[in-house]
Structures are given as C-alpha cells and as structure tokens.
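Notes follow once the structure below has been shown.
Atoms within each ligand, like the ligands themselves, are counted from 1 in listed order. None of these values were measured; they are calculated from a predicted model.
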Amino acid sequence: MANIQEIFGSKVFNEEVWAQKLPKPVYKSLKMTIDEGQPISKEVANAVAHAMKEWAIEQGCTHYTHWFQPMTGITAEKHDSFINIGKDGKAILEFSGKELIKGEPDASSFPSGGIRATFEARGYTAWDPTSYAFAKDGTLYIPTAFCSYTGEVLDKKTPLLRSMERLSDEAVKVLHLLGKTDVKKVATTVGAEQEYFLVDKEQYEKRKDLIFAGRTLFGAKAPKGQELEDHYFGTIKPRIAKFMAEVDEELWKLGVFAKTKHNEVAPAQHELAPIFATANLAVDQNQLTMIILKQVAERHGLVCLLHEKPFAGINGSGKHNNWSISTNTGENLLSPGKKPYENVQFLLFLAAVLKAVDDYQDLLRLAVASAGNDHRLGANEAPPAIISAFIGAELGAVVESIINETDFVSEGRKTFELGAAVLPEFRKDTTDRNRTSPFAFTGNKFEFRMLGSALNIACPNIMLNTTVAESLAQFAAKLEGADDVIKAAKAIIKEELTAHQRIIFNGNNYAAEWVTEAESRGLLNMRTSPEAFVCYTADKNVALFEKHKIFTKEELAAREEILLENYNKSLNIEALTMLDMAKKDILPAVFSYIGKITKTTAAVKALGDNINVDTQLSLIETFSKLLACLSKKIDTLDAALVDAAQYEDDSKALANFYVSTIIPAMGELRAVADELEINTAAKYWPMPSYGDLLFRI
Ligand code: ADP
Ligand code: MG
C-alpha cells in the first residue's frame, strides 16, 4: 500500500521543489509570475531550467518535452534529450532557459483549419509556468501553449488562460464596486468527473472497430445489459480494483488529487473524480488522467475506452465539468450562504451565469459537440441537446419571489430523519440532484453535464469563462454609474432573472414534453454536431470573442473548420471500418457457417429421402435473405461514400451529407449484421460479442 503523503506530488516540479532547488530571488520572481502575471527574465528562466534539469535527472529523466494541447483534442509531445557535446567531445547534459521558455515544433501537421499553409510550418510552444512540470516515463514534461509563427492560437490552452484572465478582471471589477476591494484575483475552479470503460486487451485486439474507431460499430445486444441496475456503485472486481489502485497511485505521484472511484451504470463502466483545481490545472490534469487510465490499463491486460459511446444499447461515457469561481481571499462566489435571498453578491453572480447560459446556449452546445457525443445527447442517458439550467427548488423559489416581488419564506434547511436512532442526523442540502439537467447548480458550483468522456475540457471552460465575463462586464458598466450600488445591483438581479427565466428548468430533461416546452420557450435544440459547429462564426459570437480578445474572427473560422473536418474524418473512418469488417470478416464468416449447414444438410439428405431437412433448409433460406440484404447495405454505404467525394472541398456540406446519408446507411448495415450475429453459431462469428466484451472481465 502506497503511503499517499509520501508519494503525492513526488513526480512534480512543484513549489516545494522550487523552494528546495531554486535560489531565493529566483523562487520569488517565479512566484510573482504566477501570482501576478509578471514576465520572466532570462536569468530567472536559466536558473529555473537548470534546477528543473537537475531535478529531472534525479527522477531518472533523460529527455524533456514541451507538452501541448493542439486542436486534435489530445496532447502532443516531442522528446529531446538533455544531451549535448561537451568541449572534449564527451556527452554533457544541458537545458537552457531558452529551451524551457520556447520550443519550435513543426506545426504543419497539426490541425490549423486553414490558418496556415503547410509550407508555413513554423509553430511555437511557450512555457506555461502556472502549470507544474512533471516527470513521466523518463521524460520531463513541461506544460506549454502552442501558436503559429504569425501568432495565431493553435491550441486549447492559450484561449483558456485568456478567458480565465478576462473572467477574473470582470469579477474583480464587480466585487470592487460592491465594496470588496481586498480581492485581487478571481480563479475559475474546475473538477472533472471522468467516465470510462474497460475491456480485455485480448478481446479488444480482435475488434477492428474498437481499434480504429474506439467504439463498436457492430454488435448484437447481450442477453443482459444494465437493466438490473446492479453495476452502479457495485462491488469493484479484484482485477479492476488493482487497476484503479495503480491509477490512483500514478495520479497522486503526478500531483493529481484523485479522490473518488466507482462502478458506473453500464457493465464494464467506471468513473474517477479528482478534487477540483484551478481551471488550467484541471484541464492539464484531466488530460493526464486520460493518458494514465490508458497506460495503466495496458499493464493490466486491459484497454480503457474513452469514447462517448463504445456500445449501443447501454449508457455511453460522459464527463461532468464542475465549475465555480472563487476569490484569492478564499471566497466561493457561487456559494449562496445561509440566506441566499439576502445575498446580493451571490444573486448577482448567479444572474451573471444564468444570463451567460441563456445568451450563449449555442456556444455551450458547440463546446460539447462531437461525432461521438451525438450518440449520447438526447438519448435518455445524458441531457438532451437543449441547454437549460437547474437551480433546485429553494433557489427556484428565491428567483421567483425576486421576479414577482413577493416575499420569500425560507423553509430553512430541513433536518433529515433517517428513522433509525443509531444513524446520525444530518442537514439536507438546499438543492436536490437533477441527473437529467445539462447544467445543474449543485450547492456552490454548476455542474455542466453534457460533456463527452473523450473531450478536452478546455473548450467548455473557455465558453463558460468568456460568456460569464461578458455578463459581468455589462453588470459592472451599470454599477459604475450608480449612486446606490446595492440598489442598482438588486435592480440588475431582478431585470436579468426576469429576462433569462426561460433558461431555468428544474424538471425532467429526459421527458419528451421538455422538447416541446423548450421550443415554446424559444430555446435552441441542435440535435447534431454540424448544426452546432457553425455557431462559432455567428456574428454575435465573433463579437464576443473579439471584444474579450480570446479569438480573432480568423481563429474562430479555423476552429469551426477543424471541428467540421474532424467530424467528417471520424465518420469516414467509421464507415470504412464497417465496410472492411462487413466484407472481410462478417460475410466470409457467415458463408462458412452456411457452407457447413449446406454440407450437413446434403449429407443428411443422402442418408435417405424420408429424413426431413425442412429446418436446415429454412435456416439456409433465412441466411440467404439476410446475406442478400447485407450485401445490398454494403453497396449502399459504398456508393454513399463515393457520393461524398463531391463535397470534398466543402466541409459544411460534407458534414451535412454524413448526417443525412452516411450515418443512416451505417445504421442499416449494422442492423442486418447484428441480425446475422444473433443467428450465427458463436464459434463462426469473427469477433468477440457484446457479452464477451462487457461481462467477461
Ligand atoms: P457530486 O457528488 O454532487 O457530483 P462532489 O462534491 O463529489 O459532488 O463533487 C464533484 C466534483 O466537483 C469533484 O471533482 C469536486 O472536486 C468538484 N467541486 C467541488 N467543489 C467545487 C468548486 N467550488 N469548483 C469546482 N469544482 C468543485
Ligand atoms: Mg457529479
């Protein structure tokens, strides 16, 4: 058993290590950079680089890498060794401040959405001193931001950092106006709960769809699914428990406060949640968590699936982005306190968030859009594609009384009676949970629940930070001119809550009636990702991002293009994989099986005309029909892919074609193949079944 306190952060170049390894003035200067955003001098950079190298070598590192988050959605790393040629021709180990601060990876092979031509290959990575460097697998990882030679942002980190600063500036402005002049900075805090599946590696290797697409593209339902609700919070099997223990240990060493682990709703599905951190750290740590989950799984003969919908018919995997804002003086701005009704500051920030969510529903929807997540949203396992906010009964009553100018009578926080004297009494939370809401207030934070499991959480947080910054900027402008600030704040609260009441929905988001009701409220419902992607360049959104200097119009267009391209490419891979599996594996397998039946039927018949072979013949007939159907569906999908080529130069049109034509064709091909699977003898079926994958670990 690991001694948590001993191993925690042991692979992180954190403040404790700085204090040990850095000369005092260097340490102070680095702290100033982080706390107050002061630039780093060459001398300081050199000293930090030297200390980093010494520490990394102690950790067994031979290489360093600028670790960045390009628009692929995953992280990128290029490893350089510390090695250099010394005066006498011998090897020496070096690492300069210049190498720490700036890297120059070839940017041409990362998605840029047309911002750069391939010949303009140069890109820069820039050290992000606010996220700690760490040692992993013999390499020193340095978190960095990534941009092009001409300065366009090519990553997810830079806009995130910008959005955090914007939110901080505007929140501080509002707090100062409310009289809290001691607040200097406001941080976005994020805790990302991560869901994932585990499958046996040997089984995985036998499924091309899992290998190429990360999800099963075929597969008849197993006799058992999640209907007994016996997996959620169920006893963790020993093999999985060992895996989870090792994941925890690795994450703790890397300074991630892995906190909660449990079995999820679907068989073979699990969840891991850390303690929240500042948004940019949380983003890095969530990326690291996904990497560690995958790495450790391999060591246990398992494969970790992070796809949003690895299996049809059972829940897919999501990620809950718990989000709040807190001051450098330690106050959570979304904490309602004992009397939310009288808490002007809280209500003002609540109004800012609700306004942001309503004004920019499209951006929140867009932030969670992907080909994979389209399988979840609105499928009664995840919130619908409609954005709304849950605030719970008590807060709901507060909001209503403000809007209607009626008295609010608090029921107070009820004490919970558990009915058995030995159990402790505890105070009930002011909000119940609403697992169906896309954006739920959970006591002192909002939980954005629409994210897919594979998503880099930077984008949703960029959206939340920027849009809330915009609300606050508008509020600050109004408060600035006011004689009586509190009175003005109350007026803003009433006005905004009234204007944005439609975004509040405390009911069941999975119900069909909500779709109709949301429509009558004028809320957006973008069912597919391509519909959402194109909102990046809507005029109001361009204006927002340019105002807050998060993205330029060109950068937004590039991001939209990257998302569309990624969507199209993912679906193309899926379609090609299906055709490959159908033609090379499924058809031949069924042919062998029919061949076998035909042969035995003939042999039986040869024994004498009086033996009845009707069963065999009807089986052969069933298979022949299904095969003809399969072959037709293969042809249809093949032809659709040929048709798609005409939209090669228009990613929007191509995405729409995938939605209208290719996805349905894939669905039809799958349906026939799954029917064949149900009827074919198991030993002939060319790949592990859902039952094998989900229940045999
Ligand atoms: P629940 O069980 O309701 O989902 P938890 O308290 O277990 O809530 O928290 C879930 C996640 O939310 C955890 O990762 C936790 O660290 C995070 N969290 C808690 N408080 C905050 C906060 N103020 N800001 C951001 N995340 C938070
Ligand atoms: Mg939760």
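Nearest to atom 15 (C) of ligand 1 by heavy atom, out of S326, A282, S335, P274, is P274. Looking at E271, K445, E447, R435, it is K445 that brings a heavy atom closest to atom 6 (O) of ligand 1.
Those atoms of ligand 1 that come under 4.0 Å of a heavy atom in I275, given as number and element, are 16 (O).
Residue-environment remark: CD (E165) stays at or below the threshold of 12 foreign heavy atoms within 6.0 Å.
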Evaluate the side chain to side chain donor-acceptor pair (under 3.5 Å) criterion for residues N286 and K319: first the C-alpha distance (whole Å), next the side-chain angles of each, then the deciding distance (0.1 Å), finally the verdict.
-> CA-CA 10 Å; N286 181 249; K319 182 139 64 185; 2.8 Å; yes

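The N/O atoms of F276, backbone and side chain alike, include one that comes under 3.5 Å of an N/O atom in ligand 1. Geometrically, ligand 1 and T442 share no nitrogen or oxygen pair separated by less than 3.5 Å. In terms of N/O distances under 3.5 Å, ligand 1 is approached by N322.
Contacts with ligand 1 closer than 4.0 Å are made by no heavy atom of H320, backbone or side chain. When non-hydrogen atoms are compared, ligand 1 lies under 4.0 Å from the side chain of N332 (C-beta onward) but not from its backbone.
Under a 3.5 Å cut-off, the side chain of D248 and the backbone N or O of A258 do not form any donor-acceptor pair.
Taking the side chain as every heavy atom from C-beta outward, L178 and V485 approach each other to under 4.5 Å.
Shown here are the salt bridge (Lys or Arg N to Asp or Glu O under 4.0 Å) partners of E342, two or more places apart in sequence or in another chain: there are none.
Between F276 and F257, the distance from one ring center to the other does not fall under 6.0 angstrom.
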